[in-house]
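A short worksheet on the structure shown next.
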Amino acid sequence: YKRKRRRDLFSVIFSAIFSVARFRRVSAFVLFGVLSLGFARPSGAALTIGSAVGQALDRNPSVIQVREKVREMDYALQYAWALVFPTISATGTVLEKKDAVLNGGGLFQGQAYNYYSAGLALNQPIYTGGIVSGGLKVAESNVLINRLNLEIAERNLAISVIQSFYGVLLYQRQVKS
C-alpha cells in the first residue's frame with residue numbers, strides 16, 4: 001500500500017509539474033528536489049516559503065534574463081539622455097623643430113621653432129526633427145515595459161513556487177499518514 005501511494009504521489013507531482021509553463025515546470029521540479037532531498041539548505045534548517053521563493057527568484061534563468069534586459073534598457077535610457085546634451089572634444093598638437101648644429105642660418109623660412117596648437121569643440125544639435133526627443137520617449141517606454149515584464153515574471157515564479165511548496169507539503173503529509 002505504501003509503495004502504491006508513493007508511486008501515486010510521484011505520478012501526481014510529476015503530472016502537475018509537466019502541465020505548467022516551461023519555467024514553472026523547471027522551478028517546481030527544483031523546488032520538489034530541494035524539499036524532498038534536502039539540497040541547498042543546511043542540515044536541520046527548514047526551508048520556508050520565503051526562502052524558497054527567494055532562492056527561485058535568485059536562480060531562475062528566465063527571471064535573470066528579464067533583469068538583464070531591464071539593465072540593458074536602463075543603459076539605453078542613459079544613452080538617449082546623453083544625446084540631448086552637447087558633446088565636447090579637445091585636441092592638441094606640439095611640434096618642435098631644431099636646426100642642425102653645423103648650419104649657419106635658419107632652415108625654417110621664418111617659421112617658429114616650436115609650434116603648439118590646441119582646440120576645443122562644442123557640438124549641440126539645434127534641430128533634429130524630433131529624433132532625439134522621440135528616442136528619449138521610446139527609451140523611457142522600453143524601461144517601463146521591461147520593469148513591468150520583470151514584475152510579471154517574478155510574480156508568476158513566486159506563485160508557481162508557492163503552489164509547488166504547498167503541493168509537496170500536502171503530499172508529504174499524505175505519505176506520512
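Atoms considered below: every heavy atom in the structure, side chains included; atoms not considered: hydrogens, waters and symmetry mates.
- Ser62 OG to Asn149 CG: the interatomic distance, rounded to the nearest 0.5 Å, is 12.0 Å.
- More than 12 non-hydrogen atoms from other residues, nucleotides or ligands lie less than 6.0 angstrom from CD of Glu68.
- Counting only heavy atoms from C-beta outward, the side chains of Leu136 and Leu77 approach each other to under 4.5 Å.
- When hydrophobic clusters are built by joining Ile, Leu, Val, Met, Phe, Trp and Tyr residues whose side-chain heavy atoms come closer than 4.5 Å, directly or via intermediates, Val53 is not grouped with Ile64.
- Here the side chains of Val161 and Ser164 are not in contact, with every heavy-atom distance at 4.5 Å or above.
- Taking the side chain as every heavy atom from C-beta outward, Arg147 and Val66 never approach each other to under 4.5 Å.
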**OP:** Mind running side-chain contact (heavy atoms from CB on, under 4.5 Å) on Arg67 and Leu150 for me, showing each step along the way?
**Re:** CA-CA 6 Å; Arg67 280 187 190 136; Leu150 175 62; 3.5 Å; yes

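- Leu122 CG to Ser89 OG: the interatomic distance, rounded to the nearest 0.5 Å, is 8.5 Å.
- For the pair Phe165 and Thr48, the minimum side-chain heavy-atom distance is 4.5 Å or more.
- Although no hydrogens or angles enter the test, the distance criterion places no donor-acceptor pair under 3.5 Å between the side chain of Asn60 and the main chain of Ala56.
- When the options Val63, Ile162, Ile152 are evaluated for a side-chain contact (heavy atoms from CB on, under 4.5 Å) with Leu157, the one that passes is Val63.
- Put simply, the side chain of Ser160 never gets that close to the backbone of Asn156: no donor and acceptor are under 3.5 Å apart.
- Here the side chains of Leu120 and Ile88 are in contact, with some heavy-atom distance below 4.5 Å.
- A 4.5 Å side-chain heavy-atom check between Arg155 and Glu151 finds at least one atom pair inside the cut-off.
- Linking Ile, Leu, Val, Met, Phe, Trp and Tyr residues whenever their side-chain heavy atoms come within less than 4.5 Å leaves Tyr79 and Ile131 in two separate clusters.
- When every heavy atom of Val143 is checked against every heavy atom of Met73, the shortest pair comes out as CG2-O, 3.3 Å.
- In this structure, Leu169 and Gln172 have side chains that are in contact, with non-hydrogen atoms separated by less than 4.5 Å.
- The CD atom of Gln55 lies 6.0 Å from the CG atom of Leu47; values are rounded to the nearest 0.5 Å.
- The two residues Ala80 and Ala139 have their closest heavy-atom pair at CB-CB, 3.9 Å.
- Looking at Glu140 and Trp81, their side chains come closer than 4.5 Å, going by heavy atoms from C-beta outward.
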